[in-house]
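Below is one structure. I have some questions about it.
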Amino acid sequence: MRLLFLLKEGIAGFKRARLAATISIATITLSLSLIGMFALLVHHLSAQFQQTYGRIQLEVFIDPAIDSAQRQALEGRIQQLAAVEAVQYVSPEMTLQRFQQDFGDDLLTVLEGENPFPPSLQVILKKEYAELEKVEAAVEAIRALPQVDEVIFQEKFIRLINRYFFIGLIVATTIGATIFFISTMLIFNTIRLTIHSRKTVIEIMRLVGATHFFIKAPFVIEGLLQGLIGSLLASGALWLMSDLLRAFFLPGLTIPWMYFLFLCGTGILLGLLGSYFSIGKYLKF
Amino acid sequence: MRLLFLLKEGIAGFKRARLAATISIATITLSLSLIGMFALLVHHLSAQFQQTYGRIQLEVFIDPAIDSAQRQALEGRIQQLAAVEAVQYVSPEMTLQRFQQDFGDDLLTVLEGENPFPPSLQVILKKEYAELEKVEAAVEAIRALPQVDEVIFQEKFIRLINRYFFIGLIVATTIGATIFFISTMLIFNTIRLTIHSRKTVIEIMRLVGATHFFIKAPFVIEGLLQGLIGSLLASGALWLMSDLLRAFFLPGLTIPWMYFLFLCGTGILLGLLGSYFSIGKYLKF
Amino acid sequence: MIELFNISIQLGKRQVLEQVSLKINKGEFVYLIGQTGSGKTTLLRLIYMDVFPDRGNVIVDSYSSSTILPRHVPFLRRKVGVIFQDFKLLPDRNVYDNIAFALQVIGAPQRTIKSRVLSVLTRVGLHHKRYQMPQRLSGGEQQRVAIARALVNKPFILLADEPTGNLDPQVARDILHLLENINRSGTAILMATHNYDLIRQYPHRTLVLENGNFSREINPEELA
Amino acid sequence: MIELFNISIQLGKRQVLEQVSLKINKGEFVYLIGQTGSGKTTLLRLIYMDVFPDRGNVIVDSYSSSTILPRHVPFLRRKVGVIFQDFKLLPDRNVYDNIAFALQVIGAPQRTIKSRVLSVLTRVGLHHKRYQMPQRLSGGEQQRVAIARALVNKPFILLADEPTGNLDPQVARDILHLLENINRSGTAILMATHNYDLIRQYPHRTLVLENGNFSREINPEELA
Ligand SMILES: Nc1ncnc2c1ncn2[C@@H]1O[C@H](COP(=O)(O)OP(=O)(O)OP(=O)(O)O)[C@@H](O)[C@H]1O
Ligand SMILES: Nc1ncnc2c1ncn2[C@@H]1O[C@H](COP(=O)(O)OP(=O)(O)OP(=O)(O)O)[C@@H](O)[C@H]1O
Ligand SMILES: [Mg+2]
Ligand SMILES: [Mg+2]
């Protein structure tokens with residue numbers, strides 16, 4: 001009964017201060033869309049990056065005199081290593097072709113028709129083994145196998161990618177944290193201002209004998225509802241934007257549903273806390 | 001005299017509505033810092049990227065029988081091409097070393113002690129010639145020279161870099177534009193709310209015989225000052241943040257002074273327009 | 001039931017009341033007069049504990065100003081009906097809701113609220129304006145809403161600050177009639193007023209506030 | 001100089017005034033009485049053109065309600081001094097600045113403002129409260145600030161809406177004395193009031209608003 005009344009009052013607050021409520025909701029919507037979009041893009045790009053560069057490939061050059069059965073036995077042994085995801089045989093011709101792709105069509109001319117490459121196995125490591133030490137351990141293990149001549153991997157490349165990824169992550173986290181912090185401040189400020197614009201009402205309520213709880217509750221409920229509405233709108237906006245981005249630039253973009261949960265949770269929490277703390281200032285006794 | 005009075009009134013507005021003014025300024029500061037920081041980081045990273053990957057290198061393999069004087073003449077002719085920034089001689093040994101770096105220390109073992117590479121010239125193109133067609137034109141021009149056996153360039157690599165750079169730029173621009181748009185909305189909304197909280201005052205001024213101009217001017221001046229203060233604070237924040245980032249993550253980071261000009265201009269403009277349009281609603285006649 | 005012991009209070013730089021004592025018994029009707037700025041409103045604010053005395057003690061029912069906890073103040077206020085000089089109507093809700101609010105605060109059930117609000121609105125003659133917003137009412141109508149709100153939860157004392165300032169003499173008499181009825185049913189009334197005519201027509205104990213203190217209690221006939 | 005021709009006006013759903021006509025000559029002093037809600041404030045608002053009539057025409061000085069441009073309304077208002085029933089003081093500045101504002105609006109030089117404001121504050125007896133904020137003043141003090149602001153730029157007509165509602169009889173008489181002085185120097189005065197005592201003591205032409213129209217002009221002696 002009592003609770004129902006406070007809930008109704010909270011909803012009535014929207015009508016009573018329409019501009020203020022609208023602007024609160026708009027602030028929440030805008031801020032959360034920004035946070036959501038940023039997080040989504042960073043998430044997507046870093047996932048793509050990891051997919052492209054996150055799996056280390058080793059070239060295992062093997063004894064050119066090896067026969068087919070022996071080679072398959074070797075492949076089997078490599079495959080059994082914990083770090084290995086997949087093994088594939090690469091003939092000398094294929095290696096030459098790959099070099100040609102990387103260094104231009106005319107490598108053959110440069111090499112004057114000879115194929116200097118031995119047969120090799122392409123070994124793809126599991127995602128969890130992208131760090132330099134783990135790669136090196138895997139290389140040692142393979143190198144120790146019989147009939148393996150040499151294992152080659154692009155150490156510099158791994159270092160470079162790791163470093164760029166790390167910088168990118170730090171920069172993105174910095175920007176993201178800043179956006180989040182700033183958004184929180186903006187939402188709190190807006191709510192504070194909307195409550196400030198109703199300080200006469202609060203003052204009168206006090207004088208008529210309303211308890212703090214009775215004055216606070218509708219404002220807090222209103223804040224919570226504003227947060228909810230704002231975050232639902234933000235979820236919608238995010239969904240639309242991701243659809244557009246997917247259509248035009250980033251074909252693989254998808255939003256995990258956790259995002260919507262996170263947006264709504266954050267919106268509700270901010271609306272609730274914002275109004276709870278703002279109203280405190282206008283209630284002395 | 002009159003103007004002086006309106007200016008004084010504008011400044012007095014701060015004292016008269018301290019909370020509202022503070023929150024307006026805070027909103028402007030926070031929004032502009034965010035915009036500034038984002039722009040600065042994108043700017044810096046894209047500049048770094050262009051410096052690293054923006055210059056195309058060609059490998060010009062030349063007749064192994066060439067003598068030193070002929071080679072220098074050839075270098076001179078290549079150097080004279082419009083697209084070329086620098087030319088450097090690379091001996092077969094140096095080429096082998098480079099391959100070793102790229103493909104692991106043990107390439108020599110694989111190649112069984114032979115050096116299959118001819119001498120070559122490393123040609124660096126000017127920054128303006130990073131696009132695929134221009135590169136191809138330059139390659140054709142060099143290929144047409146006597147004693148040039150082959151010109152190799154990493155077409156796939158150029159395409160890839162161009163594409164990533166393009167996607168990165170689009171994503172950054174989208175986020176940047178969104179941040180800017182959202183910030184503008186937030187600033188406008190806050191100003192609107194601060195003016196709304198003074199609608200009684202505006203109403204009374206009207207009734208006492210103040211002209212629209214007379215009511216508006218102090219509010220607009222106040223908005224302008226809020227914008228100025230907010231953007232100065234944002235400039236300060238940006239400067240501090242860039243200092244921190246420089247110290248810890250991005251050694252080469254510098255802020256062009258245009259940034260501060262842009263922040264102040266934007267702040268003033270938003271403060272001015274925001275208050276100008278907000279107050280309009282409360283002035284019927 | 002209401003007692004002020006040697007109250008002194010300063011507001012801003014001004015010593016508004018100095019060593020004021022006062023006792024109002026259950027069911028009494030007391031007028032409070034005195035020049036503009038003599039401290040009538042301040043004295044009423046002391047009783048509903050919107051301000052606290054610098055020295056001395058205010059006792060209202062079982063509450064004392066020197067020992068009351070902030071969280072108990074609302075409960076005191078529910079027992080005291082106040083007609084504010086500047087009305088203090090909630091600008092964001094209509095007449096009905098303004099009055100209902102005083103009952104919602106104490107958690108009255110919806111049906112009680114409805115019948116009580118409508119009956120008190122009829123008593124002050126504003127039944128037909130119950131859905132109007134306060135800022136669209138005339139000054140006198142707003143004052144009557146303020147009166148209705150103070151009456152609606154049947155306080156044991158009614159503090160009326162200039163309740164007839166915006167009313168024409170006929171309506172003012174009606175209101176005083178109403179207040180006397182309420183008083184007769186046991187509610188004490190303390191009414192600050194400038195309307196000596198009214199005091200003469202409805203004479204009661206009359207206190208004069210002067211130079212921060214009660215100079216005297218006067219006889220209604222003495223009034224200029 | 002002020003004429004209302006067959007004014008009708010509806011506010012919300014209520015027909016407040018119906019076919020009202022009125023003429024006030026230069027330098028006249030006119031009382032406006034009538035029950036709460038009879039439309040006195042509305043009639044004054046028509047004169048300072050805060051509302052416009054549905055039918056009929058209001059003429060003030062050289063301005064006519066049917067032809068005036070919105071941007072000229074402020075200039076009309078500067079010639080008309082208004083004492084609002086709810087004071088309408090600017091809550092964000094002190095007493096001095098509230099009164100000065102009416103002169104700043106018309107671009108008066110600083111020195112004129114200072115001397116005029118201080119002299120009018122002395123006349124209403126609030127010189128010592130000039131740096132106080134309005135919400136810290138008593139009801140009667142606020143009313144006197146409102147009076148001072150209406151007087152300060154020497155309007156040719158003064159519209160006074162219940163200017164003595166919050167004042168004790170002595171101060172009310174002082175204010176009426178002041179208004180008569182101002183009237184004698186040529187300013188017309190139209191004063192809405194419920195204070196019949198005052199009308200009897202300072203008799204002038206008195207209009208009675210009833211059922212949306214002037215029922216009659218009455219003789220002060222007739223007042224109940
Ligand atoms: N917060 C405050 N700060 C400074 N002075 C104050 C404050 N509140 C009231 N005063 C002063 O205290 C005095 C008493 O005010 P109060 O409102 O009690 O008078 P009052 O008797 O109700 O007058 P009125 O009949 O005009 O309503 C006034 O002179 C007023 O200016
Ligand atoms: N904006 C509005 N919408 C609806 N009704 C209104 C509006 N403004 C005024 N009224 C109604 O018009 C009537 C006349 O109001 P007005 O303020 O002119 O009365 P008044 O004679 O000044 O009364 P009082 O003596 O109480 O001040 C009132 O009944 C009021 O409720
Ligand atoms: Mg008072
Ligand atoms: Mg009125």
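Predicted, not measured: the structure shown is a model, and the values here were computed from it. The chains referred to below are lettered A, B, ... by the order of the sequence lines, with proteins before strands, and numbering in each begins at 1.
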| task | Could you tell me whether D:Gln35 atom CD has more than 12 heavy atoms of other residues or ligands within 6.0 Å of it? | result |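 At most 12 heavy atoms, drawn from other residues, nucleotides or ligands, come within 6.0 Å of this atom.
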| query | Could you state the interatomic distance from CZ (B:Arg198) to CG (D:Leu90), rounded to the nearest 0.5 Å? | reply | 11.0 Å
| query | Any chance CZ of D:Arg136 has more than 12 other-residue heavy atoms, nucleotides or ligands included, within less than 6.0 Å? | reply |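 Count not over threshold, so no.
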| message | Could you measure the distance from the CZ atom of D:Arg93 to the CD atom of B:Glu9? Nearest 0.5 Å is fine. | response |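 One finds 5.0 Å between CZ of D:Arg93 and CD of B:Glu9.
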| task | Could you grab the distance from atom CG of D:Leu89 to atom CD1 of B:Ile204, nearest 0.5 Å is fine? | result |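 Between D:Leu89 CG and B:Ile204 CD1, I get 7.0 Å after rounding to 0.5 Å.
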| Closest non-hydrogen atom pair between B:Val208 and D:Phe101, with its separation |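 Distance-wise, the nearest heavy atoms are CG1-CD2, 4.2 Å.
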| field | OH (B:Tyr276) with more than 12 external heavy atoms under 6.0 Å | value | no
| If every non-hydrogen atom of D:Phe84 is compared with every non-hydrogen atom of B:Leu207, which pair is closest and at what distance? | CZ-CB, 3.8 Å
| So, do D:Arg78 and B:Thr211 sit near enough that their side-chain heavy atoms are less than 4.5 Å apart? |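 D:Arg78 vs B:Thr211: side chains touch.
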| request: Kindly indicate, with the supporting measurements, whether the criterion salt bridge (charged side-chain N to carboxylate O under 4.0 Å, His left out) is fulfilled by D:Asp50 and B:Arg206. | output: CA-CA 9 Å; D:Asp50 188 30; B:Arg206 275 202 325 109; 3.8 Å; yes
| Are the side chains of B:His212 and D:Arg71 in touch, meaning some heavy atoms are under 4.5 Å apart? |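 The answer is no, as the side chains (C-beta and beyond) never meet within the 4.5 Å cut-off.
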| field | Residues, nucleotides or ligands: over 12 heavy atoms within 6.0 Å of D:His72 NE2 | value |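 More than 12 within 6.0 Å, yes.
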